[in-house]
Asks: 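Would you mind keeping the following structure in view while I ask a few things?
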Amino acid sequence: MVKNHVKKFVTIDDRLDLGVIASLIDDDTWVLDLGCGSGALLEYLIKTKDVKGMGIDINIEKTILCMKKGIPVVYQDLNEGLTNFKEDTFDYCVLSQTLQVVQHPDELILDMLRIAKYGIVSFPNFGYYRLPLKLFFRGRMPVSKEFPYDWDNTPNIHLVTIKDFREFCKKNGILILKEYHNYGENYSSGHFLNNKRSKNCVMMITLERKSGK
Amino acid sequence: MESAQNSVGLVKTEYFTFAEEEEDHLVLDSGKNFGPVTVAYETYGTLNPERDNAILVCHALSGDAHAAGFHADNDRKPGWWEDMIGPGKAFDTNMYFVICSNVLGGCVGTTGPSSINPRTGKPYGMEFPVVTIGDMVKVQKKLVDRLGIEKLLAVTGGSMGGMQALEWSLRFPNSVRSAIIIASTACLSAQSIAFDAVGRNAITSDPNWQGGDYYGGEIPARGLSIARMIGHITYLSDRSMHEKFGRKLQSSGKFNFDFSSEFQVESYLDYQGTKFVERFDANSYLYVTKAMDYFDVAGYYGEGVLEKALDLVKARIIILSFTSDWLFPPYQSEEMLDAFVQAGKDVSYVNIDSPYGHDAFLLEYELETKLIGTFLYATYNNEMFWEEKW
């Protein structure tokens, strides 16, 4: 029944979510990757999709690794916002596995959708059913592959579930164009109970007013 | 000679003269024709057979062509950017061919107000035409052409040197593969122009200045040294001054209750002023600061719109600024960054956390080496698969 939704994605830098994100990006477009790390996604996109790519990161060593690949990069703290970029500068603005560590995720997402036509966000789903079970049975903050930190050293300050995110989008005039959920070794869309069953998700979003609706 | 193993070693300043005939004269931005022009320059490393490994280093207000190495075995100090130029350094002379020349209007070998006007047999003084950063770059282009280089791998510099790097990428977009713009700006702020104006006032109100016609007599040493003191204040930061001098007194622990230079910061400024007078010409200070004040990329190339001006650029760009620089503050670099992004250009930017103020560009060489070394390496060695796009 759901077989037609299943598609094989490449892994980029050992990450499947980056493969999903890459699949959502059209050729010959302009992509800004927020929290780009050493630039693995951008390198892949530049080489295979002929995009113009630019990254932002707060880690100077990773910034230098981007430069080494020849990828334009800005050393900047996302918590200071993206006010420096003008409206509709980029086609896509990517925020992968970074949403949960920024101070104002709401402002950041709206800013992403201001400077780009599309936002693509990937985040670990705190609604995954095993996490509350762990909390319930062990009485301690759950630790998993997606949430590998203890409570006292975690950079994750805004844990979110897929449902929360959908709710947030609804409230802020944001359209979810595509949703992919991670089950086991792959990502797919349209699964039943995806808020409980998926560990990770990728969402492609845009502003309702920009979508022409 | 210190640390000679990482140095380019003994170097010699060379000279190149052009625009000797009237028809070859340089057309200045002011509309005036000017010639002849002699350029003082130095080179380090070797130009490869493909001639694609050349880097032009542009100096700041008080710099000169002597950017690296030593002129004599007993030289106490190397060139002004020794930390960055040499074997294994950011501008690695094992890989690259580095050129540095003294600017037009300067006083260390290149034609300027203290040079002899061939028509009168006397120094130009105020007869020297007012020049711009663009004019300085035109002269550098002649030199680069003369050296047989069609396209520079990079043009770089800090402060006024950064302005020249930016100007290169606009005036000769097809001759530059990358520009490395450090502690610089696309135009001076009112505050920076104000400091320059005070410096110029100090010089022109020195009775020895004599309308610029002081050569052969007493020089306006007091005026030039005050100009330099003001400059030095703007090159440091509140924090670096506090750390370096605090309120410490020069000799005794007690106040003298007079107006001698008691505080350490006072005698530091005195020293910087005096030292500067020995090596710099007061008229050059007027001309070069004026060129900086006139620099306005948006005005010259973009009808007041920076983004429009920067659209002309074809080079890859990296911009570096320093958090404590209040002469050319980071926000000016960020304005450049944003305009480059809006123009859809290949631009990178790092605001380096440093307490050293504007002078940081000469001091933070460790991180600068990593950033610039990597950026250059990528520009020189990568496939440049995106080059067509930008």
Side-chain angles (χ1 to χ4, degrees), chain A residues 26-34 36 38-39 41-93 111-112 114-116, chain B residues 90 177-180 305-307 310 313 315-323 330-354 364 366-390:
Chain A
D26 283 341
D27 289 14
D28 286 312
T29 51
W30 197 5
V31 183
L32 177 69
D33 187 0
L34 305 177
C36 62
S38 57
L41 174 67
L42 288 170
E43 188 185 23
Y44 176 85
L45 290 171
I46 291 166
K47 283 184 175 164
T48 64
K49 299 212 164 192
D50 220 19
V51 304
K52 284 211 291 196
M54 181 171 184
I56 294 184
D57 208 274
I58 189 158
N59 179 312
I60 194 71
E61 295 304 326
K62 287 180 179 170
T63 302
I64 292 169
L65 285 174
C66 270
M67 283 181 189
K68 196 167 182 179
K69 293 177 177 140
I71 296 168
V73 60
V74 176
Y75 173 64
Q76 184 174 322
D77 185 353
L78 293 177
N79 289 323
E80 283 164 21
L82 300 166
T83 47
N84 45 338
F85 297 110
K86 268 204 179 149
E87 187 150 347
D88 288 327
T89 302
F90 304 94
D91 295 306
Y92 300 93
C93 190
D111 233 2
M112 284 170 66
R114 181 183 62 81
I115 63 173
Chain B
R177 281 180 75 188
S178 66
I180 302 163
V305 183
L306 187 57
E307 175 190 344
L310 300 185
V313 173
R316 309 188 67 213
I317 304 288
I318 181 168
I319 302 168
L320 304 179
S321 64
F322 300 90
T323 51
Y331 80 81
Q332 292 188 323
S333 287
E334 281 153 23
E335 279 171 10
M336 256 193 285
L337 166 75
D338 301 343
F340 270 120
V341 170
Q342 279 151 40
K345 302 297 169 179
D346 177 343
V347 59
S348 294
Y349 171 58
V350 177
N351 184 21
I352 296 173
D353 187 20
S354 168
E364 296 284 0
E366 281 179 27
L367 185 52
E368 282 179 297
T369 298
K370 277 195 197 171
L371 292 165
I372 293 170
T374 308
F375 177 83
L376 271 177
Y377 178 87
T379 307
Y380 188 50
N381 293 299
N382 271 16
E383 279 293 299
M384 299 294 291
F385 35 79
W386 61 88
E387 200 174 41
E388 292 298 305
K389 276 198 173 299
W390 297 95

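Here the structure is a predicted model, which is why all the values come from computation and not from measurement. Chain letters run A, B, ... following the sequence lines, proteins first, then strands; residues in each count from 1.
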Asks: Considering residues at least two apart in sequence or located in another chain, which fulfil the salt bridge (Lys or Arg N to Asp or Glu O under 4.0 Å) criterion with B:D338?
Replies: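 Partners of B:D338 by the salt bridge (Lys or Arg N to Asp or Glu O under 4.0 Å) criterion come out as none, since no residue qualifies.
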
Asks: May I ask you to check whether B:T379 and B:R177 show a side-chain donor-acceptor distance below 3.5 Å?
Replies: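 Checked: B:T379/B:R177 side chains show no N/O donor-acceptor pair below 3.5 Å.
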
Asks: Working to the nearest 0.5 angstrom, can you tell me the gap between B:L320 CG and B:I372 CD1?
Replies: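 Between atom CG of B:L320 and atom CD1 of B:I372 there are 5.0 Å.
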
Asks: Is it true that B:S321 and B:Y331 share a donor-acceptor pair across their side chains at a distance under 3.5 Å?
Replies: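 Checked: B:Y331/B:S321 side chains show no N/O donor-acceptor pair below 3.5 Å.
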
Asks: Considering heavy atoms only, which positions within residues 80-89 of chain A lie below 4.5 Å of chain B?
Replies: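 Listed by number, the contacting residues are A:N84, A:F85, A:K86, A:T89.
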
Asks: For B:E335, is it the side chain, the backbone, both, or neither that has a heavy atom closer than 4.5 Å to a heavy atom of chain A?
Replies: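 When you check distances to chain A, no heavy atom of B:E335 falls under 4.5 Å.
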
Asks: If I measure from the heavy atoms of chain A, does B:L337 come under 4.5 Å with its side chain, its backbone, both, or neither?
Replies: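 Looking at B:L337, just its side chain touches chain A.
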
Asks: Answer yes or no: is there a side-chain heavy-atom contact under 4.5 Å between B:R316 and B:F375?
Replies: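 Yes. Closest side-chain heavy atoms under 4.5 Å.
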
Asks: Is B:E366 salt-bridged to B:K370, cutoff N-O under 4.0 Å?
Replies: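 Judged by the 4.0 Å cut-off on N to carboxylate O distance, B:E366 and B:K370 do not form a salt bridge.
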
Asks: Applying a heavy-atom distance below 4.5 Å, give me the residues of residues 56-67 of chain A that approach chain B, sorted by number.
Replies: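 Within residues 56-67 of chain A, the residues that come under 4.5 Å of chain B (heavy atoms only) are A:I60, A:E61, A:T63, A:I64, A:M67.
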
Asks: Considering only heavy atoms, which portion of B:L376 lies under 4.5 Å from any heavy atom of chain A: side chain, backbone, both, or neither?
Replies: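 Neither the backbone nor the side chain of B:L376 comes within 4.5 Å of chain A.
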
Asks: What is the minimum heavy-atom distance between A:V73 and A:C36, and which atoms define it?
Replies: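 What the structure gives for the nearest pair is CG2-SG, 4.1 Å.
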
Asks: Are side-chain heavy atoms of B:V347 and A:M54 found at a separation under 4.5 Å?
Replies: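 B:V347 vs A:M54: side chains touch.
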
Asks: Residues in side-chain contact (heavy atoms from CB on, under 4.5 Å) with B:T323, at least two apart?
Replies: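 Testing B:T323 for side-chain contact (heavy atoms from CB on, under 4.5 Å), a comparison that skips the adjacent residues, returns B:N351, B:D353.
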
Asks: Of the backbone (N, CA, C, O) and the side chain (C-beta and beyond), which part of B:L367 lies under 4.5 Å from a heavy atom of chain A, both, or neither?
Replies: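 For B:L367, the contact with chain A is made by the side chain alone.
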
